[in-house]
Amino acid sequence: MELRLTVNGEVVSGAVEPRTLLVHFLRGHLGLTGTKVGCDTSSCGACTVLVDGRSAKSCTVLAVQVDGCEVTTIEGLAPDGRLHRVQEAFREHHALQCGYCTPGMIMAAVSLLREGRELDEGAVRRGLEGNLCRCTGYRGIVEAVLAVAGATAHGPAPADQA
Amino acid sequence: MIPAELAYERADSVEHAIALLGEHGDEAKVLAGGHSLVPLLRLRFARPSLLVDIGRIRELAGVSEEGGGLAIGPTTRYADLESSALVAERAPLLAAAAGEVGDPQVRHRGTVGGALAHGDPASDVAAALLALGATVALRGAGGERRLPLSDLFLGFLETAIAPDELLVGISVPPSAAPAEFAFEKFNRRAQDWAIVGCAVSGGPVPRVALVNMGTTPLRALAVEEALAGGASARDAAELAARGAEPPEDLNGTAEYRRHLARVLVRRALERALP
Ligand SMILES: Cc1cc2nc3c(=O)[nH]c(=O)nc-3n(C[C@H](O)[C@H](O)[C@H](O)COP(=O)(O)OP(=O)(O)OC[C@H]3O[C@@H](n4cnc5c(N)ncnc54)[C@H](O)[C@@H]3O)c2cc1C
Ligand code: FES
Ligand code: FES
């Protein structure tokens, strides 16, 4: 089937089998290997991307389901090589070790921050429930997201980010 | 794993979807949010030859006012139930249950109609809608029929929806006291399904429903009768597991689930009822 969608701001098209999972379309067809696969049970969140601005597990969505939609992957956060402020915060707060969960964790965090709700520690932890990290113990991750949330609370976010 | 080969059609209207289902019989499967079906396809537990995607049919999504209650389109996503002002006002129990499903990613994609049509006894919103006294509308080539939600569930993952029928609407009747509600979910890890859960809606005739206490989502009728007869919340809750045949699995024995049901129903009743 012919697909046409926007990925990281660019229109892409291609033929896929209907059974193709979105994560395999992104990684295999488009070469966007920042998005990871970490489980076979829709549990880990390593495959998280944004579909029309909201987080989704790309291992649990068929590529044909997002025909015509707007998809953002981790690569789309730093198109010109300058880190997104959530990426900056992860670096600042030691929010990663092996890094395998990080792309999905960051996309889940970006989705949560885009909701524009006021966030405290509990809300950040609940907002990241769909993402598992085997290394960090989550502390740095939560601190990184809270730091960005605090920044938005004190001033408008840059228009091109989150 | 990846799904086996299959064909895919995106339906652009209810009629189109019903025609496709009629043509392909039980070889075809409806695809809504895909958050029950895609995992089954991946494991090849489900092997339909055709998916009929209803996710883009406009008229099937969204929440509106209906006779003082709510009309809910089946492809309304959990996240949109959670954030709907109308749901918050008229059926906050449903918003609370929707907010307990899985994790944000699941709630961004999964739909309320998909949850009901799947017939999973562990569905959070199915219990909430049972407690709210919801009815559902099914449409096939032969026309539309409406049934109480409790009649939709026939057995484990088995519903009254015929292979050529579509769940096209969910109605929640008006409530005299929508703010009298509680949803309790017990699990061990944040994103998990309920080991047991419980939904209570108050008002003159309180209704109580259970998550994961049998082969289908179910009402705790013994509790409801005891309350109607004037029993205290504490005494009524003792009957929470009466007649239930809860599953046994790695998360708990049937006896453990019966215990949880009594505890959760008591907590929910004490919170919900004045
Ligand atoms: C990681 C994960 C965690 C989850 N945790 C929970 C949880 O804690 N609690 C919970 O309640 N659920 C949970 N779920 C399940 C989730 O709620 C599903 O989204 C929901 O059960 C199915 O909705 P869907 O739109 O995704 O349906 P789909 O997967 O698209 O469809 C499910 C079934 O219903 C049929 N169907 C769908 N819509 C219709 C219709 N309108 N008419 C006729 N048939 C239809 C399909 O053919 C299919 O058989 C979880 C799912 C995942 C992946
Ligand atoms: S790969 Fe684990 S949730 Fe998608
Ligand atoms: S940093 Fe290794 S899994 Fe999270």
Side-chain angles (χ1 to χ4, degrees), chain A residues 1-3 16-25 28 37 39-69 104-105 107-112 114-117 122-132 138, chain B residues 1-12 28-56 75 77-80 82-83 99-111 114 185 187-193:
Chain A
M1 186 181 149
E2 275 301 317
L3 275 194
V16 296
E17 284 188 79
R19 61 174 168 161
T20 310
L21 300 171
L22 176 57
V23 69
H24 293 139
F25 176 71
V37 177
C39 72
D40 208 6
T41 49
S42 306
S43 334
C44 74
C47 62
T48 301
V49 299
L50 305 186
V51 175
D52 293 336
R54 305 205 284 192
S55 61
K57 291 176 172 176
S58 60
C59 71
T60 314
V61 176
L62 297 173
V64 288
Q65 285 180 283
V66 300
D67 185 27
C69 295
M105 199 63 90
M107 297 317 286
V110 168
S111 179
L112 176 67
R114 282 179 63 119
E115 289 177 30
R117 283 186 288 138
V124 171
R125 287 184 182 273
R126 274 194 302 282
L128 299 178
E129 264 174 17
N131 295 72
L132 302 178
Y138 300 100
Chain B
M1 262 175 43
I2 58 168
E5 263 184 70
L6 44 73
Y8 170 91
E9 292 273 1
R10 185 177 304 137
D12 40 42
K29 208 119 189 47
V30 172
L31 175 68
H35 271 51
S36 291
L37 189 50
V38 172
L40 291 176
L41 294 174
R42 259 185 346 217
L43 295 168
R44 305 199 176 185
F45 289 160
R47 299 195 61 162
S49 55
L50 172 70
L51 292 179
V52 177
D53 188 350
I54 61 167
R56 304 284 175 95
T75 59
R77 299 185 197 273
Y78 293 122
D80 297 324
E82 275 182 271
S83 62
E100 289 289 336
V101 173
D103 52 51
Q105 289 95 320
V106 173
R107 300 195 291 272
H108 288 153
R109 302 294 305 173
T111 71
K185 173 168 176 170
N187 57 13
R188 291 221 180 85
R189 286 173 311 182
Q191 64 170 200
D192 274 356
W193 297 77

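- In this structure a side-chain-to-backbone donor-acceptor pair under 3.5 Å is present from B:Arg44 to B:Ile2.
- No donor-acceptor pair closer than 3.5 Å links the side chain of B:Arg109 to the backbone N or O of B:Gly34.
- In this structure, B:His108 contributes its side chain and A:Ser55 its backbone to a donor-acceptor pair below 3.5 Å.
- Between chain B and the residues A:Thr48, A:Leu21, A:Val64, the largest count of heavy-atom pairs under 4.5 Å involves A:Val64.
- Only the side chain of A:Val51 comes within contact range of chain B, with heavy atoms under 4.5 Å apart.
- For a residue to count as touching a neighbouring chain, one of its non-hydrogen atoms must lie under 4.5 Å from one of that chain's; by this rule A:Arg125 does not touch chain B.
- A:Asn131 places a side-chain N or O within donor-acceptor distance of the main-chain N or O of A:Gly104, the cut-off being under 3.5 Å.
- In this structure, the portion of B:Leu51 lying under 4.5 Å from any heavy atom of chain A is its side chain and not its backbone.
- Checked for salt-bridge contact, B:Asp103 and A:Lys57 meet the test: a charged N lies under 4.0 Å from a carboxylate O.
- Checking A:Ser42 against B:Arg42 by side-chain atom types alone, a donor-acceptor pair falls below 3.5 Å.
- There is no contact between A:Thr20 and chain B, counting heavy-atom distances below 4.5 Å.
- Between the side chain of B:Gln191 and the main chain of A:Ser43, a donor-acceptor pair closer than 3.5 Å is present.
- Under a 3.5 Å cut-off, the side chain of B:Arg107 and the backbone N or O of B:Tyr78 do not form any donor-acceptor pair.
- Contact count against chain B (heavy-atom pairs under 4.5 Å) is highest for A:Cys59 among A:Gly68, A:Ser111, A:Cys59, A:Ala108.
- For A:Thr60, the parts lying near chain B are the backbone and the side chain together; criterion is any non-hydrogen pair under 4.5 Å.
- Residue with the most contacts toward chain B among A:Gln65, A:Arg126, A:Glu17: A:Gln65 (heavy-atom pairs, distance under 4.5 Å).
- In this structure, chain B has heavy atoms under 4.5 Å from both the backbone and the side chain of A:Asp67.
- When heavy atoms are compared at a cutoff of 4.5 Å, A:Glu115 approaches chain B solely by way of its side chain, counted from C-beta outward.
- At a 4.5 Å heavy-atom cutoff, B:Arg189 makes no contact with chain A through either its backbone or its side chain.
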